[in-house]
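Lettering of chains follows the sequences in order, A, B, ..., and the numbering in each one begins at 1.
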Amino acid sequence: MTPRALVLALGLAVAGALPSAADPLGDALRGAELFERQCKACHQIGPGAINRVGPRLNGIFGRRAGALADFTYSKSMARMGADGLTWTLETMDAYVKNPKALVSGTRMNYRGLKDDAARGALIAYLREFSDRPQNIPEAVPTARRSDRDLDPAILALKGDPEYGEYLSSECTTCHQADGSDQGIPSITGWPEEDFVVAMHAYKQKLRPHPVMQMMASRFNNDEIAALAAWFAKLD
Amino acid sequence: MTLNRRIFIGSGVAATALLSAPMVRAQGKPRVVVIGGGAGGGTAARYLAKDSKGDLDVTLIEANKTYTTCFFSNLYLGGFYDWEKLQHGYDTIAAGGVTVINDTATAVDRAAKTVTLAGGQVIPYDRLVLAPGIDFKEGSVPGWTLADAEVMPHAYKAGPQTQLLKRMVDSMPQGGVFAMVAPPNPYRCPPGPYERISMVAHVLKTTNPTAKILIADPKENFSKKALFEEGWARHYDGMVDWIGPDRGGDVVEVRPGSMEIVIDGEVTKVDVCNVIPGQMAGKIAALAGVTADSGWAPVHPDSMRSKLDDNIYVLGDSSAQGDMPKSGFSANSQAKVAALAIRGELLGARVFPAKYANTCWSLIAPEDGVKVGAAYEPTPEKIASVQSFISQTGEDAALRKATYEESLGWYAGITADIFG
């Protein structure tokens with residue numbers, strides 16, 4: 001093994017074995033300081049916030065761009081809202097990084113925050129003043145999903161049924177382990193290849209079911225293979 | 001490559017095992033006691049016994065011989081689901097190797113690691129799993145105490161309260177008023193109060209079409225609000241009046257003696273009043289000393305282990321974990337993570353990274369089902385939402401019907417997963 005291949009191999013092994021942990025947005029306390037210095041001249045946020053030069057930012061996440069009835073937006077921002085722009089972690093990140101790159105004619109006179117950690121901190125602070133997922137499950141997420149995709153070099157891994165058995169407990173909340181089929185299909189006894197193909201079709205959002213898209217998107221290739229190996233064994 | 005990955009995982013587990021050496025007891029098997037036989041506790045007990053293949057001594061303490069699920073109890077109110085189908089026994093859990101004790105836990109001695117039952121029995125544990133669900137905060141709705149629940153039911157713990165509320169709705173006088181006091185955040189089953197309104201509206205539309213429904217709500221926003229409002233306008237036009245805090249819905253008093261509700265100073269005589277009070281962790285969590293000032297029990301996001309006692313895990317509604325809603329699905333998901341963590345500690349089982357998920361289905365009208373769901377992962381601070389979806393307004397009838405049928409399948413699936 002060449003040194004370069006070794007580094008690559010070790011890197012992959014580490015990436016594959018890291019515990020699943022979502023990426024927190026950043027340090028909201030630092031974000032509060034940034035807001036104070038860079039945003040507060042125009043925007044208010046928190047209890048009693050009102051519109052100033054810019055709109056109030058309470059409840060911004062999950063809201064359509066340009067949606068406050070009592071604020072007059074730029075034509076450009078209003079159009080983006082009409083086109084469907086909604087403030088999520090991703091769109092807000094792009095907007096704060098470079099406002100005019102996302103909304104060409106925005107009136108927000110802000111050059112953008114290029115530093116990833118600082119931007120993450122600011123967004124973490126803003127996120128605290130929108131709906132909490134604990135109360136409103138459909139609210140915009142509060143962390144970035146851990147990237148569980150692995151290099152194609154290890155796609156050929158044979159499924160580990162023991163791992164599959166553990167992972168399968170997520171499936172059996174809906175799909176019955178004894179293969180019963182009552183409104184939700186049976187997934188036991190499938191040929192492994194069919195199972196893998198189906199799961200990847202959900203992962204790529206080719207198959208439309210939102211619960212399955214969500215579940216499949218969180219499994220890496222190893223994990224899908226493990227599930228296939230486990231469920232293939234069940235009759 | 002395969003070898004590299006496996007070695008790495010293997011050594012990771014070995015390191016963990018060294019840090020928290022699996023308990024080896026001279027006498028007998030390690031003991032796990034689970035308090036509460038619902039979605040969290042039932043799942044935990046069953047999985048602990050099943051996956052340890054007899055190497056753990058698992059005891060489940062549950063007050064009721066028959067468990068009535070709170071999830072789907074709204075469908076019973078609406079006439080869509082039979083009472084008997086909400087009820088589940090513990091025979092399969094017991095047959096799977098769990099000692100089931102029908103009694104109430106009254107105390108936890110964390111130093112001695114024992115649980116005391118109302119019947120006097122004292123049960124030792126190595127790990128304790130608390131899954132007691134919710135209790136109500138006294139004084140959260142002025143004029144109402146738990147003693148008034150026979151007159152103004154909460155029906156937010158499934159059982160006789162649910163049946164009482166159904167009898168009241170079914171026998172409302174023509175043109176009468178049904179009122180609900182909706183709870184403040186956080187509470188069990190975020191869309192639950194609004195699904196209940198939909199089910200009551202369905203009954204009244206059929207039997208009592210001039211009746212009215214009032215909801216006094218302290219919250220500006222609630223789960224699936226756009227979907228419920230669309231559904232109420234479509235199916236129950238003019239019947240439902242939701243009064244949010246902008247109209248004084250947060251300034252409420254009830255008078256059980258005269259069957260009145262006072263919303264922002266305005267007195268209304270009502271025929272049925274469903275008071276869903278503010279909530280906190282089931283009492284045994286506070287008695288065990290694992291709750292915070294909030295009334296809920298803080299847990300480590302990667303395992304559901306109590307932040308206040310390493311030997312205790314807290315599941316489901318009673319835990320404060322971050323972004324997961326308080327639901328049966330969440331409790332079931334958390335129980336599987338905790339069961340594996342406990343087997344890892346006590347038996348040295350391979351522990352895989354925690355993954356959590358939740359989906360909540362709600363029925364708005366016959367064959368008009370909607371759903372909301374999210375995926376969650378632990379961060380150092382909390383269990384964080386990382387992805388979510390929700391049914392859309394304006395969906396066609398076929399999709400709504402399929403969503404409803406899916407919810408029936410989910411009920412069959414999760415109750416089979418918990419109770420066998």
Side-chain angles (χ1 to χ4, degrees), chain A residues 9-10 12-14 16-25 59 131-146 150-151 153-154 156-158 160 162-163 165-167 169-170 172-178 180-185 209-211 213-215 217-219 222, chain B residues 1-2 4-5 7-9 12 47 185-187 190-191 219 221-224 302 322-327 329 332-333 336 340 350 352-355 357-360 371-382 384-390 405-410 412-414 416-417:
Chain A
L10 286 172
L12 285 171
V14 169
L18 273 178
S20 167
D23 183 13
L25 300 176
D131 285 336
R132 298 160 64 104
Q134 178 190 16
N135 306 321
I136 314 271
E138 63 268 32
V140 164
T142 65
R144 293 195 182 88
R145 202 174 68 200
S146 56
L150 294 179
D151 189 278
I154 49 174
L157 261 186
K158 190 159 169 51
D160 172 352
E162 189 188 352
Y163 191 20
E165 180 179 11
Y166 165 69
L167 294 169
S169 69
E170 280 209 286
T172 54
T173 299
C174 298
H175 297 278
Q176 299 191 42
D178 67 1
S180 305
D181 172 3
Q182 298 169 45
I184 288 181
H209 196 276
V211 179
Q213 286 180 355
M214 175 182 85
M215 304 306 287
S217 70
R218 310 158 68 218
F219 290 122
D222 274 326
Chain B
M1 198 60 81
T2 301
N4 274 343
R5 180 170 154 74
I7 286 170
F8 196 91
I9 290 175
Y47 273 70
N185 288 324
Y187 60 94
K219 307 180 295 295
N221 195 9
F222 57 82
S223 182
K224 301 177 180 162
D302 58 350
D323 288 350
M324 296 184 81
K326 301 183 185 302
S327 73
F329 197 130
N332 173 264
S333 172
K336 291 164 183 173
L340 184 60
R350 275 173 75 185
F352 301 107
K355 277 172 180 278
N358 175 67
T359 300
C360 298
K371 61 186 168 185
V372 60
Y376 305 86
E377 292 182 16
T379 69
E381 293 81 29
K382 63 173 181 177
S385 163
V386 292
Q387 190 179 358
S388 65
F389 68 86
I390 182 166
E405 285 167 356
E406 182 179 275
S407 76
L408 298 175
W410 168 76
I414 192 168
D417 196 35

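One distance of note links CZ of A:R218 with OH of B:Y376; it measures 10.0 Å at 0.5 Å rounding. The CD atom of B:Q387 lies 7.0 Å from the CE atom of A:M214; values are rounded to the nearest 0.5 Å.
Closest of all the heavy-atom pairs between A:Q176 and B:G413 is CG-CA, 3.7 Å. Contact detail for B:S385 and A:P141: the closest heavy-atom pair is O-CB, 3.1 Å.
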Next item on the list: Show your reasoning for whether side-chain contact (heavy atoms from CB on, under 4.5 Å) applies to B:K336 and A:T172.
Entry: CA-CA 11 Å; B:K336 291 164 183 173; A:T172 54; 3.9 Å; yes
Next item on the list: Under the side-chain contact (heavy atoms from CB on, under 4.5 Å) rule, what do A:E170 and B:K355 come out as? Steps first, then yes or no, please.
Entry: CA-CA 8 Å; A:E170 280 209 286; B:K355 277 172 180 278; 3.5 Å; yes
Item checked: CA sep, side-chain torsions, deciding dist, call: B:V386, A:R144, side-chain contact (heavy atoms from CB on, under 4.5 Å) -> CA-CA 5 Å; B:V386 292; A:R144 293 195 182 88; over 6 Å; no
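For B:K219, no part lies near chain A; criterion is any non-hydrogen pair under 4.5 Å. Contact of B:E405 with chain A is made through the backbone alone, with heavy-atom distances under 4.5 Å. B:N185 touches chain A through backbone and side chain together, each having a heavy atom under 4.5 Å away. For A:R132, no part lies under 4.5 angstrom from a heavy atom of chain B.
Residues B:K382 and A:P24 form no side-chain contact, since every pair of their non-hydrogen atoms from C-beta on lies 4.5 Å or further apart.
No other option in B:G322, B:P191, B:A416 has as many heavy-atom pairs under 4.5 Å with chain A as B:G322. Note on A:T173, A:I184, A:D131: by heavy-atom pairs under 4.5 Å with chain B, the leading option is A:T173. With chain B as partner, the option from A:N135, A:I136, A:D181 having the largest number of non-hydrogen pairs under 4.5 angstrom is A:N135. Contact count versus chain A (heavy atoms, under 4.5 Å) is highest, among B:L408, B:L340, B:T359, for B:L340. When B:N358, B:D302, B:N221, B:N332 are compared by the number of non-hydrogen pairs under 4.5 Å with chain A, B:N221 comes out ahead. Taking chain B as the reference chain and counting heavy-atom pairs below 4.5 Å, the highest number among A:S169, A:G183, A:A177, A:C174 is found for A:S169. Highest contact tally toward chain A, considering only B:S388, B:S327, B:S407, is held by B:S388 [criterion: heavy-atom pairs under 4.5 Å].
In this structure, the ring pair (Phe, Tyr, Trp, His ring centres under 6.0 Å) partners of A:Y166, at least two apart in sequence or on a different chain, are B:F352. With sequence neighbours excluded, no residue forms a side chain to side chain donor-acceptor pair (under 3.5 Å) with A:Q134.
Between B:R350 and A:E162 there is a salt bridge, with a side-chain nitrogen of the basic residue lying less than 4.0 Å from a carboxylate oxygen of the acidic one.
Checking side-chain atoms of A:E138 against main-chain N and O of B:K224 turns up a donor-acceptor pair under 3.5 Å.
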